Each structure stands twice: as structure tokens, then as C-alpha cells.
Amino acid sequence: KTEAEAKKDDEMAVEEEQGSSASSSSGVTKRMGEERGGDEEKPIKRAKEEAATSSGSAKRRKEADDDEDAPNKKAKEVEKEIGELDVNQEDEGVQWAVDDRSGELLDVKLVKAARKEEVKFMEGIDVWERSSWEECRRLTGKDPVSTRWVDIDKGRGGEVDVRCRLVARDFKTKGGAGDFDVFAAMPPLEAKRMLFRMARVEGAVGGQSSQGEVKLMFVDVKKAHLNGKLKEGEHAFVELPEEAGGGVGKLRRWLYGMRPAASAWEDEYVEYLTEQGFRRGKSAPTVMYHEGRDIRLVVWGDDFTFLGRDKDLRWCAKVMEAKYEIKVRAVLGPEAGDDKEVRILNRVVRWEKDRTVYEGDEKHAQVVIREMGLEAESKGLDVPVLAGTECAEGEDLDAAGIAKYRRIAATVNYLAMDRPDLQFAASVLGRSMSRPTKESMAALKRTARYLLKHPTIDRKSTRLNSSHSSVSRMPSSA
């Protein structure tokens with residue numbers, strides 16, 4: 001609208017609001033002007049103009065609010081169309097969802113495609129069968145377990161790899177019986193590092209040389225927990241997502257998030273591998289040994305690490321493929337066609353000519369550096385903590401400082417599992433966890449400066465003759 005048209009609209013709005021009083025006021029104003037020579041007409045005229053301006057501003061604010069609300073209405077329409085996705089929209093045609101782990105943005109199209117793939121896979125292996133609320137209540141006496149999607153980007157180095165997992169929200173009140181059904185055995189991290197060490201110690205792995213060179217094989221079982229099956233007489237029901245048609249599903253296999261899922265998966269692979277000749281370890285049930293082929297195995301959730309000779313490892317791969325959907329991520333070895341590097345549990349393992357190199361997860365070192373407010377140009381140090389450091393004395397931190405200290409010190413402690421150079425520092429910092437002080441925070445910052453200069457270290461396993469090493473062939477009774 002032109003300025004004249006807008007002004008005219010404003011005047012019309014004022015006249016509608018004021019009604020007859022406006023006309024009366026206009027008449028009084030005219031008479032007063034005639035009687036007093038028009039001296040009093042100017043202030044009243046200004047008041048009228050201000051009222052008109054105020055009304056016009058209100059009208060324009062309402063139009064602006066309507067314009068601002070339009071994208072919100074559009075986003076709600078998109079969210080309704082997509083389902084449960086947390087959708088945001090910055091520009092027209094640009095849609096994104098939120099990563100449940102990092103909070104970063106995800107392309108909605110990739111999320112929808114990943115969810116569709118997950119549902120297709122689960123329906124392909126009969127994770128559930130169609131059921132009803134009535135059957136669920138009749139067999140379990142309660143409603144079906146609710147579910148939700150967990151959407152994350154597992155890509156690295158700029159590569160996008162969106163994965164979506166349907167998770168059941170199976171909770172139980174405190175103090176209930178059978179609390180141990182949520183747990184599954186996990187090996188100590190040192191068990192995997194022991195395999196990396198044994199691979200470079202001559203004589204540590206037996207078997208016939210005709211079976212090939214000693215190598216490490218890394219196998220990933222896809223969607224491992226879905227392989228755990230319900231036993232006869234067990235009943236479990238879940239609410240199915242819109243991507244699966246909605247309604248109620250009666251589980252045939254345990255869904256992620258169900259309490260028995262992890263332990264059922266452990267029972268499943270242990271039973272199968274035992275049939276193939278493997279035996280469980282006595283101290284760590286997820287460490288297994290095949291005496292006939294001299295193969296060692298360490299299982300960490302869905303990551304299987306095998307140590308053995310080339311042909312025996314090929315046999316292991318066939319055994320796993322016959323039962324599960326797997327991916328052989330790498331076979332590290334000395335031959336030209338073997339892989340030379342693999343990332344496992346966010347650690348890096350490299351096979352070099354005369355040694356195996358193991359690097360811890362560098363991501364957590366960057367977390368400590370960032371949390372302590374250090375920049376790339378900040379000063380680094382060569383010693384993570386000074387001998388004789390005492391943090392117990394001194395002024396206590398406030399509530400926010402205590403939470404920050406405990407969070408970062410726990411991260412340093414986690415890093416120390418892979419880094420012997422941080423183990424003493426982690427011990428010193430751990431003494432102040434119950435009562436952090438300003439001196440504690442200063443010691444923690446020193447450790448952060450050390451990580452700034454030394455973000456990673458290598459743990460090397462040099463190739464040795466068994467007579468020079470404490471690692472020797474594992475007896476059959478181990």
C-alpha cells in the first residue's frame with residue numbers, strides 16, 4: 001500500500017473504534033476553535049493523530065505476528081506429515097531433524113530412509129507379529145511397552161551415516177525382583193589388547209603353518225540384540241511406530257531397550273559358538289577359545305575379535321555368516337592383501353612391519369581440552385601432574401564448579417584405560433572427587449594442558465620371540 005492509502009486505513013480504523021464519540025468530539029473541537037480563535041484545536045488534532053498512529057501500529061504488529069507465525073504453522077504441518085520426527089525448518093524446502101546423541105542437525109530424508117530400512121529388516125526376521133491391546137492385557141496383565149526412535153549420525157570425517165534404531169522403553173520399579181536380567185557380561189578392555197599383543201609374539205598362536213599366517217579378524221554382527229529370541233512361555237508386547245503401521249506387536253525376538261535383550265543375545269551366541277567347538281573362559285565368559293583350531297575370541301557386545309591363522313579365520317567367518325548378518329570389518333596381517341588399520345570401539349589398531357600400534361580414543365582428549373577453555377594456541381605441558389600434588393586443602397568450589405570438575409576428571413579417568421601416561425594423574429584427580437577445591441581444578445587444568453600437547457600416544461607391541469616375552473601359548477585349560 002502507498003503511504004496515503006495506509007494513512008487512510010488508519011483513520012478509518014480510528015473512526016470505527018471511537019464511533020459516535022469521535023464525531024461528537026469533532027463537533028466540540030470545531031465550536032471551541034470558532035469561539036477561541038482556533039488556539040485549542042492544535043493539541044486536540046495532535047491527540048487524534050497520535051491515536052490514529054497507535055491504532056495503525058497495532059494493526060501492523062498483528063500482521064507482522066501473523067507473518068512470523070507462518071513458518072511455525074508450516075513446521076507443524078511438516079511434523080504431522082513425518083510422524084514422530086523432531087523437525088525444524090529454517091528456509092522453505094529445507095527440513096532437518098535432530099541427532100539424539102550429539103544434538104546436531106540431520107537431513108529428514110535420510111532419517112526417513114534409515115527408519116524405513118530398519119523396519120524392513122525387523123519385519124524380515126520376524127521380530128514381531130501383529131497383535132492387539134486385548135491379547136497383551138490378557139497375557140501380561142499390563143499395556144504394551146512404548147517405543148521411540150533413536151536417530152544418530154555415525155559418520156566420521158564429514159561423512160554422513162544416519163542410523164535409526166527402534167528402542168523399547170521397558171522400565172521396572174526399584175526394588176523389583178530379577179534386576180540382573182538387564183545385564184550381560186562384558187570383557188575387560190585388556191582382553192582385546194592381549195589379542196593384539198599375542199598376534200606379534202612368535203609361538204603365542206599354535207596350529208599348523210599350512211593354515212597360513214597369524215592374523216586378527218574383526219567382525220561386526222549387525223543389529224545383534226535382535227537375535228535374542230523369547231523362550232517358550234515368555235510374552236512381551238510393544239507399541240509399533242507409524243513406520244510399521246502402528247498398533248501392537250507381540251515380540252518373537254527381543255527389541256533393543258527390553259530388559260532381557262542383552263542377556264538373551266549373550267545366551268544366543270554362546271550356545272551357537274559352543275556347538276562349533278568354542279569354550280567360554282572361566283574368569284571372563286565373553287572370552288572364548290577353540291582348542292582344535294587354536295582360535296581365540298573376545299566378544300564386546302556386537303564386536304567379535306578373532307585371533308588365529310588365516311584359514312582358520314576364514315572358517316570362523318563362514319560360521320558366523322551361516323547364523324547372523326555380519327560385516328568383516330578388517331583382517332589385519334602381514335601379507336600384502338591384508339588390512340593394515342582398523343577402528344574398534346573408537347580406538348585405532350594398526351599393523352606395521354615389526355609391531356602392532358594401538359591408539360586410544362582421541363575424542364575424549366579434545367573434550368577435556370575444550371571443557372577447560374583451552375585453545376589451539378594455548379600453552380601445552382610435558383607433565384600431566386606434579387609429584388606431591390595435594391588437592392584436598394583449599395577453598396571449595398561452588399556447585400557448578402563441583403559438577404564440572406567431576407565430569408572432566410571422570411573423562412580423564414576413562415582416557416587412562418588406554419593411556420598409561422595418564423594413570424597417575426587420574427589417580428591424583430580422583431582423590432578430590434568427593435570435595436573438589438580450587439587447587440583440584442588447577443591440577444585438572446594442568447592435565448588438560450598436557451593433553452593439548454600430547455593428544456594421543458601409541459602403545460606398541462613389537463614382534464618378539466616367545467622366549468623374550470611373558471606372553472606364551474594359552475594352555476587348553478585356560
Side-chain angles (χ1 to χ4, degrees), residues 117-118 120-122 124-127 163 184-187 191-192 194-196 198-200 204-229 252-254 261-262 264-281 284-345 349 351 356 473-474 476 478:
E117 178 187 355
E118 182 77 358
K120 182 179 179 181
F121 176 84
M122 290 189 290
I125 62 173
D126 294 326
V127 172
R163 304 283 185 88
M186 296 294 286
K192 283 197 181 281
M194 180 62 73
L195 293 190
F196 308 152
M198 294 178 70
R200 306 313 294 265
V205 178
Q208 301 295 323
S209 59
S210 60
Q211 294 298 100
E213 297 282 352
V214 174
K215 301 179 181 181
L216 290 162
M217 183 172 70
F218 301 84
V219 175
D220 180 27
V221 178
K222 297 183 178 180
K223 302 174 176 62
H225 285 188
L226 297 179
N227 290 287
K229 298 178 181 178
R252 293 178 175 174
R253 297 169 179 259
W254 290 110
W265 162 235
E266 180 186 334
D267 294 340
E268 159 63 29
Y269 74 73
V270 166
E271 180 181 356
Y272 177 63
L273 292 177
T274 300
E275 294 173 356
Q276 310 305 316
F278 283 88
R279 291 188 294 107
R280 302 180 79 172
T286 50
V287 176
M288 306 188 75
Y289 177 66
H290 193 294
E291 186 173 1
R293 296 177 179 269
D294 203 30
I295 303 171
R296 290 161 180 81
L297 165 65
V298 176
V299 183
W300 189 295
D302 57 2
D303 288 305
F304 288 63
T305 304
F306 295 89
L307 171 66
R309 296 192 175 273
D310 184 63
K311 291 184 179 180
D312 293 323
L313 295 182
R314 293 176 188 272
W315 171 82
C316 288
K318 290 181 179 179
V319 166
M320 295 293 290
E321 284 179 330
K323 183 73 171 178
Y324 311 113
E325 183 177 351
I326 69 168
K327 178 181 180 181
V328 178
R329 300 180 59 237
V331 177
L332 301 188
E335 298 181 325
D338 296 332
D339 297 302
K340 302 303 178 184
E341 181 176 307
V342 67
R343 179 175 289 274
I344 176 173
L345 303 177
V349 181
W351 187 290
T356 301
R473 279 198 67 198
M474 183 184 296
S476 60

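Everything quoted here is computed from the prediction, not taken from an experiment.
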* Hey, could you give me the OG1/OH distance between Thr286 and Tyr269, rounded to the nearest 0.5 Å? =>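 So the gap between those two atoms works out to 5.5 Å.
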* Asked: In chain order, what residues pass the side-chain hydrogen bond (donor to acceptor under 3.5 Å, both in side chains) check against Arg163, with sequence neighbours excluded?
  ->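 With neighbours one apart ignored, the set is Asp161.
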* Grab the two heavy atoms, one from Asn227 and one from Glu268, that are nearest each other, plus how far apart they are. =>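 Nearest heavy atoms, Asn227 then Glu268: O-CG, 3.8 Å.
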Polar side-chain atom of [X] near backbone of [Y] as donor-acceptor pair, under 3.5 Å:
X      : Y      : value
Arg293 : Leu313 : no
Trp351 : Val331 : no
Arg253 : Ile125 : yes

* To do: Apply the test salt bridge (charged side-chain N to carboxylate O under 4.0 Å, His left out) to residues Glu271 and Lys323: give CA-CA distance (whole Å), side-chain angles for both, the deciding distance (0.1 Å), then the verdict.
  => CA-CA 12 Å; Glu271 180 181 356; Lys323 183 73 171 178; over 6 Å; no
* With Lys223, the salt bridge (charged side-chain N to carboxylate O under 4.0 Å, His left out) member among Glu118, Glu117, Glu325 ->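 By the salt bridge (charged side-chain N to carboxylate O under 4.0 Å, His left out) criterion, Lys223 pairs with just one of Glu118, Glu117, Glu325: Glu118.
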* Verdict with reasoning, Val319 to Phe278, per side chain to side chain contact (heavy atoms under 4.5 Å, CB included) -> CA-CA 12 Å; Val319 166; Phe278 283 88; 5.9 Å; no
* Decide yes or no for Phe218 and Leu332: does some side-chain heavy atom of the first lie under 4.5 Å from some side-chain heavy atom of the second? =>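 Yes, close enough: below the 4.5 Å cut-off.
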* To do: With salt bridge (charged side-chain N to carboxylate O under 4.0 Å, His left out) as the test, would you mind laying out the steps for Lys215 and Asp310 before giving the verdict?
  => CA-CA 6 Å; Lys215 301 179 181 181; Asp310 184 63; 3.0 Å; yes
* Looking at Ile295, Val219, Val328, Leu297, which one forms a side-chain contact (heavy atoms from CB on, under 4.5 Å) with Cys316? ->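 One option only clears the test, and that one is Ile295.
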* **Residues that Tyr272 engages under ring-ring contact (aromatic ring centres under 6.0 Å, His included), provided they are two or more places apart** =>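 Applying ring-ring contact (aromatic ring centres under 6.0 Å, His included) to Tyr272 gives Tyr324.
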* To do: Using the test ring-ring contact (aromatic ring centres under 6.0 Å, His included), find all partners of Phe306 that sit at least two apart in sequence or belong to another chain.
  =>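 Testing Phe306 for ring-ring contact (aromatic ring centres under 6.0 Å, His included), a comparison that skips the adjacent residues, returns none.
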